Amino acid sequence: MITLYNTLAREKQEFKPITPGVVNMYVCGMTVYDYCHIGHARMVVVFDVIARWFRESNYKVNYVRNITDIDDKIIKRATENGELISALTERFIAAMNEDFDALGVIRPDHEPRATEHVGGMQSIISKLFDRGLAYSAPNGDVYYAVRQFQGYGKLSRKNLADQRAGERVEVDANKQDAADFVLWKSAKADEPAEVKWPSPWGLGRPGWHIECSAMSCHHLGEHFDIHGGGEDLQFPHHENEIAQSEGAHGQQYVNYWLHNGFINVDNEKMSKSLGNFFIIREVLAKYDAEVLRFFILRAHYRSPLNYSDVHLDDAKNALNRLYTTLKSVPPVDVEIDWAEPYAARFKAAMDDDFSTTEAVAVLFELALYANKHAGMSEGSQASGLLKALAKILGLLQRDPSAYLQAGTTDSEWTNEKIESAIVARKEARAAKNWAESDRIRNELSAAGIVLEDTPQGTSWRRE
RNA sequence: GGCGGAGUAGCAAAAUGGUUAUGCCGCGGCCUGCAAAGCCGUUUACGCCGGUUCGAUUCCGACCUCCGCCUCCA
């Protein structure tokens, strides 16, 4: 039985699918006008693992993660660059795929793009007009009449009367109410033709929130199981999605709302305005992508997670221990027996709101057991189980030596050069010439290469 | 002002009404030519004050501090 924390109910609940054996899940993805940062990495890794765990639990998963390829920031960036919007978005979609692939994220079953669903958005807006939930403003924009929707604020627990309208942002005079939000934006003269779609309300483009209502409905129906995203999307984005979808369709939109916590820097939210954000590809230039993935999964998905080089170094050292175990205690292929104590604890952890933190702790306990029983069949069994369980988290599937010897920085010490140094050292050791053998080892050590003498010979790794 | 989250050992991070989290780092030991890796051991952990309880880090109440959302944001 899987339990998950439902933001809508503010408590952990047992997961009950609408259709037995099926999970329909929608996650708000990227707005593609720039490179992805590690906050995005956390979001995709977290929901990747959630999808993996449902599959492991024998559910058929329909995982949809959208791509927002039309919005204000995209238009602004394309205009600044003097390039077509489609050229800009294609470029960053390609970059996004590179980054997410590197992180071992399995592609969602569907990755709809907003621009492909404008028709669906218009049809929802029409329904909202029919139900008296939408209105055209003097400036040609179409707005959602928030106060006409009963239950507005039920996700974010916001009470319209308590909000301080206009305190931070001036209220648009076109709105009937400060809380109303735009469904359709009328075309502006200086906007490129690429962003102008015909509609019953004139030439224009969709508001932000409507795309997710349309794309989720297209792939998963009017009522589906799980909707996820970063915690900041709770309000207003997800609140508005509920208003749109439930307002148009007259039935419950989503059963379980899941929100991942942020990556912080110095205990503050990572954001562009603070200038404290890190792009995935910058981080991957310094650290192996698996280290970043491990770092993310070591924390619970709802907790804030502080990012720094010190913390990634810590994660790197920890991951090294697991790979070192797999290297020194070769795993056998294992079919997971969920009744086996370690596996049972792993499963209990994952079933309990996807507690990867506890699941990772089980991996380390297996590593300890494997190391203690190195050379025995219990050891290789434990090592095999370690690898099999880690696979569910998308970790530890590479050849251990290849992982440990991979360097993020190229040194002049090629593998061949290292190997020949090891041969030279072996000869020195055979002659009990310890001074020479230690000189060679120190030379390698200075280059970040660590030698390990074992009964089977000398192996090496990069630090 | 409203709503929500959090304060755990040097660092990171979980669970839990009484029993070892886990990892990194440090220290000691075993092993090793010496190391590394591994194994063993190790540093009075639970913001503060009350309450409930045989017993609270864990439940209840007050307080302090921090963070997030209320505007685009994963």
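Letters go in sequence order (proteins before strands), and every chain restarts at 1. Computed from a prediction, not measured in an experiment: that's the story for all the values here.
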[atom1] atom, [N] versus [M]: distance in rounded Å?
N	M	atom1	answer
C11(B)	G7(B)	P	15 Å
G50(B)	C64(B)	C1'	15 Å
U44(B)	G61(B)	P	34 Å
A62(B)	G26(B)	P	44 Å
A36(B)	A14(B)	C1'	31 Å
G51(B)	A12(B)	C1'	33 Å
A74(B)	U65(B)	C1'	27 Å
A45(B)	C60(B)	P	24 Å

For a quick check of understanding: with a heavy-atom distance under 4.0 Å over all strands, which category does [X] fall into, base, sugar-phosphate or nothing?
X	value
D232(A)	base
D438(A)	base
G230(A)	sugar-phosphate
R345(A)	nothing
H300(A)	sugar-phosphate
T325(A)	nothing
K73(A)	sugar-phosphate
M270(A)	base
G153(A)	nothing
K269(A)	base
S328(A)	nothing

Whether [X] side chain and [Y] backbone form a donor-acceptor pair below 3.5 Å:
X	Y	answer
Q397(A)	L395(A)	yes
S355(A)	D352(A)	no
R345(A)	A361(A)	no

Using only side-chain N and O atoms of [X], determine if any of them is under 4.0 Å from OP1 or OP2 of [N].
X	N	value
K76(A)	C72(B)	no
R298(A)	C24(B)	no
S303(A)	A14(B)	yes
N260(A)	A74(B)	no

query: Between K185(A) and D72(A), is there a side-chain N and carboxylate O pair less than 4.0 Å apart?
result: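 Looking at K185(A) and D72(A), the cut-off is met.
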Starting at [atom1] of [X] and ending at [atom2] of [N], how long is that distance when rounded to a whole Å?
X	N	atom1	atom2	answer
N306(A)	C11(B)	CG	P	13 Å
L155(A)	G5(B)	CG	P	13 Å
E211(A)	C72(B)	CD	P	14 Å
K154(A)	G2(B)	NZ	P	25 Å
F235(A)	C72(B)	CZ	C1'	13 Å
L326(A)	G38(B)	CG	P	12 Å
I440(A)	G33(B)	CD1	P	17 Å
L305(A)	A12(B)	CG	C1'	9 Å

Is [N] paired to anything, Watson-Crick or G-U wobble with both distances less than 3.5 Å, and if yes, which nucleotide?
N	result
U53(B)	none
G68(B)	C3(B)
C34(B)	none
A15(B)	none

Could you check whether the rings of [X] and [Y] sit parallel, tilted or perpendicular, using 30° and 60° as the cut-offs?
X	Y	value
F278(A)	Y307(A)	tilted
F295(A)	H311(A)	parallel
H238(A)	W257(A)	tilted

The side chain of [X] is closest to which nucleotide in this list: [options]?
X	options	result
L233(A)	A74(B), C39(B), C3(B)	A74(B)
R321(A)	C67(B), A14(B), G38(B)	G38(B)
D453(A)	C34(B), C69(B), G23(B)	C34(B)
E452(A)	G4(B), A74(B), A36(B)	A36(B)
V450(A)	A74(B), A36(B), C69(B)	A36(B)

message: Can you confirm if the aromatic rings of F181(A) and H209(A) lie within a centre distance of less than 6.0 Å?
response: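 For H209(A) and F181(A), the ring centres are under 6.0 Å apart.
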query: Is the H373(A)-Y369(A) ring centre distance short of 6.0 angstrom?
result: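 Ring-ring flag for H373(A)/Y369(A): true, centres closer than 6.0 Å.
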Looking at the base of [N], is there any donor atom on it, or on the side chain of [X], that sits under 3.5 Å from an acceptor on the other one?
X	N	value
R441(A)	A35(B)	yes
K158(A)	C69(B)	yes
S437(A)	G33(B)	yes
N264(A)	G68(B)	no
R429(A)	G33(B)	yes

task: For M30(A) and for A318(A), locate the closest nucleotide of RNA chain B by heavy-atom distance; then report the residue assigned to the nucleotide nearer the 5' terminus.
output: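 It is A318(A) whose nearest nucleotide is closer to the 5' end.
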message: Let me spell it out: for each of A299(A) and R10(A), pick the nucleotide of RNA chain B with the closest heavy atom. Which residue's pick is nearer the 5' end?
response: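 Comparing both residues, the 5'-ward one is R10(A).
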field: Passing candidate, side chain to side chain donor-acceptor pair (under 3.5 Å) with Y301(A), options D353(A), N260(A), T357(A)
entry: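 Among D353(A), N260(A), T357(A), the one that satisfies the side chain to side chain donor-acceptor pair (under 3.5 Å) with Y301(A) is D353(A).
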message: Under 4.0 Å, heavy atom to any atom of RNA chain B: which of residues 350-368 of chain A qualify?
response: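 Heavy-atom cutoff 4.0 Å gives T357(A), E358(A), A361(A), F364(A), E365(A), L368(A).
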task: Carefully, step by step, assess Y152(A) and N240(A) under the rule side chain to side chain contact (heavy atoms under 4.5 Å, CB included).
output: CA-CA 8 Å; Y152(A) 189 80; N240(A) 292 349; 2.4 Å; yes
query: Does NZ or CZ of R302(A) lie under 6.0 Å from the centre of the six-membered ring of Y5(A), at an angle within 45° of the ring axis?
result: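 Judged by the rule, R302(A) and Y5(A) form a cation-pi pair.
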